[in-house]
Amino acid sequence: MKIYIATDHAGVVIKDDVKNMLDNLECKVIDLGPQTTDRVNYTDFAHDLSNKVLEDIGSFGILICGTGIGMSLAANKHSGIRAALCHDAYTAQMARKHNDANILCFGQRVVGLGTIESMLEAWVKTEFAGGRHATRVELIEKF
Ligand code: RB5
């Protein structure tokens with residue numbers, strides 16, 4: 001799985017840990033920044049990463065901010081992006097299985113590293129179920 005990752009200043013501290021976890025899951029990871037804890041607008045990183053995921057067919061994204069909320073709101077402004085704010089392995093699994101989410105969002109201030117590891121594993125190992133769920137995803141795209 002090819003995964004773009006980006007954060008804001010409130011998500012950057014765990015970015016390297018998350019990248020290592022993704023390496024262990026044999027993902028190809030592309031880091032879109034930032035590289036420091038200087039204050040930035042999460043919107044810039046959400047929009048940049050969303051464009052990359054849309055251009056690079058079949059790729060996925062991970063967006064981390066303090067809560068994951070701002071990142072998910074911004075990313076979901078893009079047609080074709082389904083950014084899911086997840087809090088545990090179950091929500092990450094269902095975001096892939098039922099919603100065909102292509103961006104995983106979470107909050108550095110909300111979830112710990114153990115939970116993140118289980119979320120990433122669920123995300124990477126779960127495929128979209130299709131069928132009736134595909135109909136609903138198509139309906140989302142018609143909005
Ligand atoms: C930054 O303080 C914080 O507002 C941001 O990381 C995010 O949580 C917004 O949704």
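Since we're looking at a predicted model, the values are computed, not measured. Both counts, for ligands and for their atoms, begin at 1 and track the order of listing.
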Once you restrict both partners to nitrogen or oxygen, which atoms of ligand 1 have a protein partner under 3.5 Å, and how far apart are they?
residue, atom, partner, partner atom, Å
ligand 1, 6 (O), Asp8, OD2, 2.6
ligand 1, 6 (O), Gly66, N, 2.8
ligand 1, 8 (O), Gly66, N, 3.2
ligand 1, 8 (O), Thr67, N, 3.0
ligand 1, 8 (O), Thr67, OG1, 3.2
ligand 1, 10 (O), Thr67, OG1, 3.4
ligand 1, 10 (O), Gly70, N, 2.8

Quiz item: Where do Arg82 and Asn99 land on the side-chain contact (heavy atoms from CB on, under 4.5 Å) test, with the steps shown first?
Solution: CA-CA 8 Å; Arg82 292 174 299 283; Asn99 310 114; 5.7 Å; no
Quiz item: Please walk me through it: do Phe45 and Leu32 pass side-chain contact (heavy atoms from CB on, under 4.5 Å)?
Solution: CA-CA 8 Å; Phe45 290 87; Leu32 300 179; 5.5 Å; no
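- A side-chain donor-acceptor contact under 3.5 Å links Asp88 to the backbone of Thr91.
- Applying the side chain to side chain donor-acceptor pair (under 3.5 Å) test to residues at least two apart or on different chains, the pairs with a partner in residues 126-135 are His98-His133.
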Practice problem: Before giving the answer on side-chain hydrogen bond (donor to acceptor under 3.5 Å, both in side chains), spell out for Tyr4 and Asp48 the whole-Å C-alpha distance, their side-chain angles and the decisive distance to 0.1 Å. | Solution: CA-CA 10 Å; Tyr4 292 92; Asp48 184 31; over 6 Å; no
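- Looking at Asp23 and Lys19, no side-chain N of the basic residue comes within less than 4.0 Å of a carboxylate O on the acidic one, giving no salt bridge.
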